[in-house]
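For this chain, numbers begin at 1 and follow the sequence in order. Because the structure is predicted, anything quoted here is derived from the model rather than measured.
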Amino acid sequence: MSRRPVPAKAGDRSRLEVMFDKPQLLGALFGHYDQNLVAIENRLGVYIAARGNKLQIEGEALAAARARDVLTGLYNRIVQGQDLDAGAVDAVIAMSAEPTLDGIIRADASDAPGIMIRTRKKTIVPRSAMQIRYMEALAGHDIIFALGPAGTGKTYLAVAQAVSQLIAGSVDRLILSRPAVEAGERLGFLPGDMKEKVDPYLRPLYDALYDCLPAEQVERRIASGEIEIAPIAFMRGRTLAESFIILDEAQNTSPAQMKMFLTRFGANSRMVVCGDPKQIDLPDPTASGLADAVSKLEGVEGIATVRFGVADVVRHPIVGRIVEAYEGGG
């Protein structure tokens, strides 16, 4: 590598060395044309030089330590066979400012259970500090409210946790729901039968499922009733036991719909309610069932509330900037 050093921040300077025992994996760690190392250098203000299977890091002491931890975390992901894209690199760099990063590195290591969700197609680790808290809540609470903007992983992680529990046999069914079109669910003007009417509005849930399970398993489990994807209106009058239940786009429910949904909760079940309180499509945005439920239930035993912000967006970095621009503009 022959890159010019990035100026370090003011403060005590440090030179650290990190060694990796599988040199054949360093190409993936460095990235195409060393793009991963360049990203770490630019974000943390350090200089990284390769010497065989060793990396030497120079810069302000705290930044150099963060860079070492980031490189260790990324390397451990590669050892586990996980993909290392630009989003993963950015996420680990962002998390390096959190005191929980050591936990993420241990989670990536093959000899520690850590914080992760295992599905048939992939192992998912948190990409932001708030995702750590969310994944802990998914594993330990009966009902979870996940609030925040698009791209923070609210629905995706909930579906992944649900698939993981279905595979493990800790639940018998996976039930995914969301309001169709709007809280009133006026679908009559759309062509086709009921499935054809509502499927486009449930597509994000299907997409998350197919990302966690092979397609043939998704289809087979839907056909057998192990996985059910339906509008919230279909939940009325039911008691959902031995189930993992997810409500997406919950900000578009009315208080009555939300109460109906929450009271479907049955024995040995888990329920996740996802929504963005700033993206309400109801005629009266003040009548959101999500805001009403959180105000009434936050702090109740067995119920967790996790709030994501713009900084937790884990899609392409431009998505976070778009969300921030819209929120800042009112």
**Student:** Working note: Val79 + Lys22, criterion side-chain contact (heavy atoms from CB on, under 4.5 Å); need CA distance, chi angles, decisive distance, verdict.
**Tutor:** CA-CA 9 Å; Val79 169; Lys22 296 183 179 179; 4.2 Å; yes
**Student:** Check each of Met258, Arg178, Lys259 against Thr253 using the side-chain contact (heavy atoms from CB on, under 4.5 Å) test, and report the only one that passes.
**Tutor:** Met258
**Student:** Run the side-chain contact (heavy atoms from CB on, under 4.5 Å) check on Ile57 and Leu71 step by step: do they pass?
**Tutor:** CA-CA 10 Å; Ile57 308 162; Leu71 287 163; 3.7 Å; yes
**Student:** Determine, step by step, whether Leu147 and Val306 satisfy the side-chain contact (heavy atoms from CB on, under 4.5 Å) criterion, reporting the C-alpha distance in whole Å, the side-chain angles of both residues, the deciding distance to 0.1 Å, and the verdict.
**Tutor:** CA-CA 6 Å; Leu147 316 177; Val306 179; over 6 Å; no
**Student:** Between Arg68 and Glu17, is there a donor-acceptor pair closer than 3.5 Å when you use the side chain of the first and the backbone of the second?
**Tutor:** no
**Student:** Looking only at atom types and distance, does a side-chain atom of Ser164 sit under 3.5 Å from a main-chain N or O of Ala160, one as donor and one as acceptor?
**Tutor:** no
**Student:** Let me confirm one number: the CD-CD1 distance from Gln161 to Ile117, rounded to the nearest 0.5 Å.
**Tutor:** 4.5 Å
**Student:** Start with the C-alpha gap between Gln35 and Val89, add the side-chain angles, then the distance that decides, and say whether side-chain contact (heavy atoms from CB on, under 4.5 Å) holds.
**Tutor:** CA-CA 10 Å; Gln35 63 184 11; Val89 174; over 6 Å; no
**Student:** Backbone N or O of Thr72 within a donor-acceptor pair of the Asn76 side chain at under 3.5 Å?
**Tutor:** yes
**Student:** Verify, without hydrogens or angle tests, whether Arg307 (side chain) and Gly148 (backbone) share a donor-acceptor contact under 3.5 angstrom.
**Tutor:** no
**Student:** Flag yes if more than 12 heavy atoms outside Arg15 fall under 6.0 Å of its CZ atom; otherwise flag no.
**Tutor:** no
**Student:** Quick check against the 3.5 Å criterion: does Arg264 have a side-chain atom that pairs as donor or acceptor with the backbone of Arg238?
**Tutor:** yes
**Student:** Ignoring hydrogens and geometry, is there a side-chain-to-backbone donor-acceptor pair from Ser288 to Gln251 under 3.5 Å?
**Tutor:** yes
**Student:** Parallel, tilted or perpendicular: which fits the ring planes of Tyr75 and Phe20, with parallel below 30° and perpendicular above 60°?
**Tutor:** tilted
